[in-house]
Amino acid sequence: MSKAGIGLAVAAVAVVGALGTSYYMGSRVQHGFEEFASTLQQGNKQLRVKIISYERGLFSSTAQTEWTLASRSAQWSFKANHRISHGPLPRGHAAEIDTDFLLNDDADPGLKTALAGKAPLSAHTVVNWNQSADGTLNSPAFTAQLKNATYDWGGMTAALSMGAHSTAIKGKAEFAGLGFTDPQQKGLQIKGGTMEMDLQQAKGHDFLVGPFKVALASMTMKGPLGGASAGDEEENDGDEADGADSAQAPAPAAEIETVALEGLSFDTNTVLAGDVVNLDMKTSIKTIDIPKYKVSDVALDFAMLNFDAAWLGQVQQLSRQGEGDLKELRAQLMQGLPQLLGRKPEFQIKRIAMRTEEGVSEVSGSLAYDGDASKPLNPAQDIKASLSLNLPKPVLQTLFSSRVRHKYQDTMEQLEQEVDEQRLSEAVQENVKERLDALLEAGLLQEKDNAYTASFSYAAGEMQANGKPLERDGLSTLMVSLP
């Protein structure tokens, strides 16, 4: 054979090999595509992903899917188009998928106009040889008029990596802002949102563990402070028989108040430690600015410790099921209760705190099982609890005053008596002082600088207050003195 003939033969073999490899990869990609759609909805009755069509070619394929999100009261469906490239030359990965999520035909015309033919959400996915995937998500910014309100969406970008068979997900999403304003200037504005995660499937279980974080730079809410809204004017229309009395002046526009929050964050970290799961949850807000009042350094730190991993797996399964399976799964959870209690589970309120002009308020507490799980549950002996507080005096006085005032007002309404504000304020102040003095005298409340402090604990059927046993008289004083 001549050199030219040999060259043509080699080229033909190469072409046939490339075509065969590409078609084979197309088959594998299709199988993976179908498997992924099945995995998304596995054990989850709130999500359905249906492959409407899949057209496989030599070098590329196309597909369309329908996604349905369902709740107990409603469901939403939308479609997505997928363009899949899987050949012909090796590129370091198995395939690339470009996805556009589509607006429904009955979508609001204002939204269709604002998007101008763009997909509300698009994705680019690189499928690796080991069936893991790396991808990006993009949502375009737009401003739309929807049902007499203006909606502003600053756009969103995300970069995510997913392990083979959805066993892990890691990445970060960011959006510039989201807001809406209605003709009465009521509305919501959110700016600077981020979401980060590094989650992996817990070994031997089907739930994910690892850190997850959501943060917002700011959130501003506007609404009416009082008075009538524009729609209330319609109530004065009609009834010609009233003559001149029916011609009333329009109700004044309601004053708009603004509540502004800055520096919001929510962090969780789930850890599998042997056969138990520990979860930390931290929420913080740098400032909350409301009319005539400001709060800063808000912190809410919670923890769940020593929760049986298998039992939590059943809880997750319960949360995914429809109503038809609830009774059976609840029965399974109750059967697994001794196993859960045998781990000595515990809830902790590590810290609830905030700073106001009066000072820093702090509360902490815990609730734990400390009994013998092999015996019937006896809450009086098996439960262990604690509560500690440190509140500026004006804060606790305000809390008591609010509750006492509400009770007095309810009583006067029931007796159909008019409220004299001065006499009511004096009665509330006197009652609050009596209650706080009784708690101080009984040793249930302590004074430290300009703050009230208290510490309560309960274990083995015994309650203590500030380190001393709480006898029946003390418990009676506590119950009577709390408003």
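The model shown is predicted, which means the values in this text are computed figures rather than measured ones.
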query = Hey, does Leu261 have a side-chain heavy atom less than 4.5 Å from the side chain of Met221?
reply = yes

remark   = On a heavy-atom basis, the closest approach of Pro140 and Pro120 is CD-O, 3.6 Å

ask   = Would you say Asn306's side chain and Val276's backbone share a donor-acceptor pair under 3.5 angstrom?
value = no

task = May I ask you to check whether Asn130 and Ser132 show a side-chain donor-acceptor distance below 3.5 Å?
result = yes

query = Is the shortest side-chain N to carboxylate O distance from Asp182 to Lys147 below 4.0 Å?
reply = no

task = Sort out for me which residue in Met354, Arg355, Glu357 forms a side-chain contact (heavy atoms from CB on, under 4.5 Å) with Val295.
result = Met354

inquiry  = Taking the side chain as everything from C-beta on, heavy atoms only, tell me whether Thr287 gets closer than 4.5 Å to Asp289.
reply    = no

ask   = For Ala299, does its backbone N or O pair with a side-chain atom of Ser284 as donor and acceptor, under 3.5 Å?
value = no

ask   = What's the verdict on side-chain hydrogen bond (donor to acceptor under 3.5 Å, both in side chains) for Ser386 and Ser457, showing C-alpha distance, side-chain angles and the deciding distance?
value = CA-CA 4 Å; Ser386 67; Ser457 64; over 6 Å; no

request  = Considering non-hydrogen atoms only, spot the tightest contact between Gln339 and Ala310 and give its length.
outcome  = NE2-CB, 4.2 Å

task = Given side-chain contact (heavy atoms from CB on, under 4.5 Å), test Leu111 with Leu146 step by step and report yes or no.
result = CA-CA 7 Å; Leu111 182 57; Leu146 307 176; 4.0 Å; yes

Atom pair NZ (Lys384) and OG (Ser366), whose distance is rounded to the nearest 0.5 Å = 7.0 Å

query = About how many Å separate CG of Leu115 and OG of Ser139, when rounded to the nearest 0.5 Å?
reply = 7.5 Å

inquiry  = Could you check whether any side-chain heavy atom of Ile51 comes within less than 4.5 Å of a side-chain heavy atom of Val49, counting everything from C-beta outward?
reply    = no

key: Salt bridge Lys393-Glu447, side-chain N to carboxylate O under 4.0 Å   = yes

task = Locate the shortest heavy-atom distance separating Gly223 from Lys186; write the atom from each residue and the value.
result = CA-CG, 3.9 Å

ask   = Do Tyr452 and Leu436 come within less than 4.5 Å of each other through their side chains, counting heavy atoms only?
value = yes

request  = Measure from the side-chain N and O atoms of Ser402 to the backbone N and O of Leu399, and report whether any donor-acceptor pair falls under 3.5 Å.
outcome  = no

task = Tell me, yes or no, whether the heavy-atom count around Asn148 atom CG, taken from other residues, nucleotides or ligands under 6.0 Å, exceeds 12.
result = no

message = Does Gln409, at its CD atom, have more than 12 non-hydrogen atoms belonging to other residues, nucleotides or ligands within less than 6.0 Å?
response = yes

key: Close side-chain approach of Ile84 to Tyr54, heavy-atom, < 4.5 Å   = yes

remark   = Nearest heavy-atom contact between Lys112 and Asp105 is NZ-O, 2.6 Å

message = For Ala303 versus Asp280, what's the shortest heavy-atom pair and its separation?
response = CB-OD1, 3.4 Å

query = So how far is it from Asp297 CG to Ile288 CD1, rounded to the nearest 0.5 Å?
reply = 10.5 Å

key: Nearest-0.5 Å distance, OG of residue Ser364 to NZ of residue Lys350   = 12.0 Å

message = Is there a side-chain contact (heavy atoms from CB on, under 4.5 Å) between Gln189 and Thr181? Walk through the geometry before answering.
response = CA-CA 8 Å; Gln189 297 290 331; Thr181 306; 3.7 Å; yes

query = Would you call the rings of Phe101 and His82 parallel, tilted or perpendicular if under 30° counts as parallel and over 60° as perpendicular?
reply = perpendicular

ask   = So Tyr369 and Leu340, side-chain contact (heavy atoms from CB on, under 4.5 Å) or not? Walk me through it.
value = CA-CA 10 Å; Tyr369 176 81; Leu340 169 68; over 6 Å; no

Thr157 and Thr136, any side-chain heavy atoms less than 4.5 Å apart = no

query = Which atom pair, heavy atoms only, marks the closest approach of Pro483 to Lys407?
reply = C-NZ, 3.1 Å

key: Ser161-Asp134 side chain donor-acceptor pair, cut-off 3.5 Å   = yes

inquiry  = Leu279 vs Phe307, test: side-chain contact (heavy atoms from CB on, under 4.5 Å). Steps then yes/no.
reply    = CA-CA 9 Å; Leu279 171 64; Phe307 275 72; over 6 Å; no

task = Would you please test Asn390 and Thr453 for side-chain hydrogen bond (donor to acceptor under 3.5 Å, both in side chains) and show each step?
result = CA-CA 4 Å; Asn390 186 327; Thr453 67; 6.0 Å; no

query = Near His124 NE2, under 6.0 Å, is it more than 12 heavy atoms from other residues, nucleotides or ligands?
reply = yes

task = Output the distance between atom CZ (Arg83) and atom CG (Asp98), rounded to the nearest 0.5 Å.
result = 5.0 Å

query = Do Thr270 and Leu208 touch side chain to side chain, with heavy atoms closer than 4.5 Å?
reply = no

ask   = Is there side-chain contact between Asp370 and Lys344, with at least one heavy-atom pair below 4.5 Å?
value = yes

key: Donor-acceptor pair between Ser60 and Ser85 side chains, under 3.5 angstrom   = no

task = Answer yes or no: are there more than 12 heavy-atom neighbours, outside Met156 itself, under 6.0 Å from its atom CE?
result = yes

query = Can you tell me if Asn466 uses its side chain to pair, donor with acceptor, with the backbone of Ser455 under 3.5 Å?
reply = yes

task = Test Gln145 against every option in Thr150, Thr113, Asp108 by the side chain to side chain donor-acceptor pair (under 3.5 Å) rule and name the one that passes.
result = Thr150

inquiry  = Just verifying a value: how many Å separate Glu66 CD and Leu102 CG, rounded to the nearest 0.5 Å?
reply    = 11.0 Å

